[in-house]
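This is a predicted model, so every value here is computed, not measured. We use all heavy atoms of the structure for the numbers below, so side chains are in, but hydrogens, waters and symmetry mates are not.
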Amino acid sequence: MSKAGALDLASGVGGKIDKTEVLSAVEKYEKYHVCYGGEEEARKSNYTDMVNKYYDLVTSFYEYGWGESFHFAPRWKGESLRESIKRHEHFLALQLGLKPGQKVLDVGCGIGGPLREIARFSSASITGLNNNEYQITRGKELNRIVGVDKTCNFVKADFMKLPFPENSFDAVYAIEATCHAPDAYGCYKEIYRVLKPGQCFAAYEWCMTDAFDNNNQEHQKIKAEIEIGDGLPDIRLTGKCLEALKQAGFEVIWENDLAVDSPQSWYLPLDKSRISFSSFRLTAVGRFITKNMVKALEFVGLAPPGSQRVQDFLEKAAEGLVEGGKREIFTPMYFFLARKPLSESQ
């Protein structure tokens with residue numbers, strides 16, 4: 001996992017955005033969301049700008065607090081966060097049956113933490129797709145450091161318009177990434193197009209569960225907090241994802257919310273009532289220290305103006321995620337394994 005320090009965090013805030021324009025970018029990003037009067041349709045129609053601004057602003061925070069793999073995982077008792085994240089990635093690779101030399105697509109790869117882990121675990125050749133230039137630059141650097149740069153690469157593109165020919169890949173996966181898509185069907189249909197017949201697509205999706213009540217104001221508040229804190233145009237119900245998969249042409253082999261049977265709650269790393277030394281930066285004390293450190297770095301000019309605002313909406317997201325998890329109205333690990341039929345008539 002990444003060992004990003006305080007100065008890495010400060011210098012990375014804003015990504016490719018000019019440091020003098022970070023505060024303006026924060027303000028524009030916030031206006032997309034419900035908390036600031038934003039509309040869902042505006043978020044969907046401007047999703048590329050919204051998601052790019054989000055990841056330019058938050059990537060250094062993610063890497064500082066979470067490491068190179070920006071996702072949750074079901075967790076066994078006695079298992080560290082890092083161990084659970086690796087196991088979650090290995091589980092997905094095993095479900096896809098990845099083999100040495102296979103050509104695999106990671107849709108929405110972040111800075112490539114899962115890509116590197118899965119490549120080393122399976123010896124597959126993985127292409128990471130990402131529409132954020134800053135994350136790709138960071139991912140290429142990390143690929144070189146661990147030595148997978150000869151077999152793994154990155155492509156800058158929109159996952160609603162994949163720049164690959166039909167039937168290009170032996171497998172496709174997405175880890176908590178296609179939740180950023182404005183339209184699940186359109187995204188899954190593109191994945192279906194580039195996947196070889198008979199091969200599989202697996203994903204972990206962020207979803208609202210059947211326990212979510214759209215008429216419940218507290219549920220709506222939690223959903224809105226997660227959306228602004230995580231760059232989401234909307235959060236779909238699990239059933240909507242399943243429906244979109246089938247409409248795109250996939251045969252669903254199996255699907256399940258992995259949060260339900262997790263021995264320990266997936267949101268534990270963000271729960272302020274919990275103390276952890278292995279993931280100290282995510283605890284209440286760790287987050288308090290980070291908040292004040294960012295404030296000090298911004299005050300002395302080492303972090304750009306607006307850095308505290310980014311920290312604030314990430315904190316809001318953490319609170320929404322924990323509440324969503326405790327009330328079982330939200331899951332970050334709705335898993336499915338789906339197959340593209342050998343022929344269109346199947």
Side-chain angles (χ1 to χ4, degrees), residues 1-5 8 11-12 15-16 52 55-56 59-60 62-64 66-71 73 82-159 161-178 180 187 190-204 337 340:
M1 275 191 162
S2 174
K3 299 296 182 184
D8 297 307
S11 63
K16 291 288 185 179
N52 254 313
Y55 279 112
D56 272 330
T59 293
S60 64
Y62 272 24
E63 197 172 348
Y64 177 79
W66 211 257
E68 294 174 26
S69 294
F70 305 159
H71 64 82
R82 181 176 181 175
E83 289 168 341
S84 70
I85 283 173
K86 282 191 172 189
R87 179 177 49 73
H88 204 44
E89 292 164 356
H90 295 175
F91 175 84
L92 185 145
L94 289 169
Q95 289 298 310
L96 286 169
L98 299 187
K99 298 178 178 61
Q102 282 190 321
K103 190 177 175 184
V104 180
L105 179 64
D106 179 336
V107 178
C109 62
I111 62 171
L115 176 153
R116 286 181 287 280
E117 184 62 36
I118 292 172
R120 288 178 289 185
F121 179 73
S122 67
S123 295
S125 297
I126 305 179
T127 295
L129 185 106
N130 194 326
N131 210 17
N132 183 269
E133 188 63 44
Y134 175 68
Q135 288 198 334
I136 288 177
T137 300
R138 183 73 181 123
K140 286 179 177 177
E141 179 186 355
L142 293 169
N143 275 11
R144 282 194 298 272
I145 290 170
V146 301
V148 299
D149 51 311
K150 299 294 189 294
T151 57
C152 297
N153 68 310
F154 293 91
V155 171
K156 185 179 186 304
D158 182 347
F159 51 39
K161 303 170 189 172
L162 296 176
F164 309 108
E166 293 182 6
N167 309 328
S168 294
F169 294 96
D170 298 301
V172 180
Y173 68 84
I175 299 178
E176 301 182 21
T178 46
H180 291 292
C187 181
E190 273 293 272
I191 290 168
Y192 182 94
R193 181 181 65 79
V194 303
L195 185 63
K196 293 178 181 177
Q199 303 305 309
C200 290
F201 166 43
Y204 297 122
L337 179 66
K340 179 177 179 176

Notebook entry, point to check: Going by the angle between their ring planes, with limits at 30° and 60°, are Phe169 and Phe164 parallel, tilted or perpendicular?
Noted result: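 It falls in the perpendicular class, over 60°.
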Would you give the length of the straight line joining atom [atom1] of [X] to atom [atom2] of [Y], rounded to the nearest 0.5 angstrom?
X: Leu105; Y: Thr127; atom1: CG; atom2: OG1; result: 6.5 Å
X: Glu63; Y: Leu142; atom1: CD; atom2: CG; result: 6.0 Å
X: Asn143; Y: Cys152; atom1: CG; atom2: SG; result: 6.0 Å
X: His90; Y: Ser122; atom1: NE2; atom2: OG; result: 9.0 Å
X: Leu337; Y: Gln95; atom1: CG; atom2: CD; result: 6.0 Å

Check: With respect to Ile118, which candidate in Leu96, Ile126, Asp106, Val104 satisfies the side-chain contact (heavy atoms from CB on, under 4.5 Å) definition?
Finding: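 Of the listed residues Leu96, Ile126, Asp106, Val104, the side-chain contact (heavy atoms from CB on, under 4.5 Å) partner of Ile118 is Ile126.
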Margin query: As a test of understanding, state which of Val172, Leu195, Leu162 forms a side-chain contact (heavy atoms from CB on, under 4.5 Å) with Glu190.
Written below: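 Among Val172, Leu195, Leu162, the one that satisfies the side-chain contact (heavy atoms from CB on, under 4.5 Å) with Glu190 is Leu162.
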Item checked: Lys/Arg N to Asp/Glu carboxylate O, Glu141 vs Arg138, below 4.0 Å ->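 Salt bridge present between Glu141 and Arg138.
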Checklist line | Under 3.5 Å side-chain donor-acceptor pair for Glu117 and Ser69 | finding: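 Note: Glu117 and Ser69 side chains miss the donor-acceptor criterion.
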Notebook entry, point to check: For Thr59, does its backbone N or O pair with a side-chain atom of Tyr134 as donor and acceptor, under 3.5 Å?
Noted result: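 Side chain of Tyr134 to backbone of Thr59: no pair is present.
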Check: Is there a donor-acceptor pair under 3.5 Å between the side chain of Lys340 and the backbone N or O of Tyr192?
Finding: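 Present.
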Next item on the list: Test side-chain contact (heavy atoms from CB on, under 4.5 Å) on Lys156 and Asn130 and set out the steps.
Entry: CA-CA 5 Å; Lys156 185 179 186 304; Asn130 194 326; over 6 Å; no
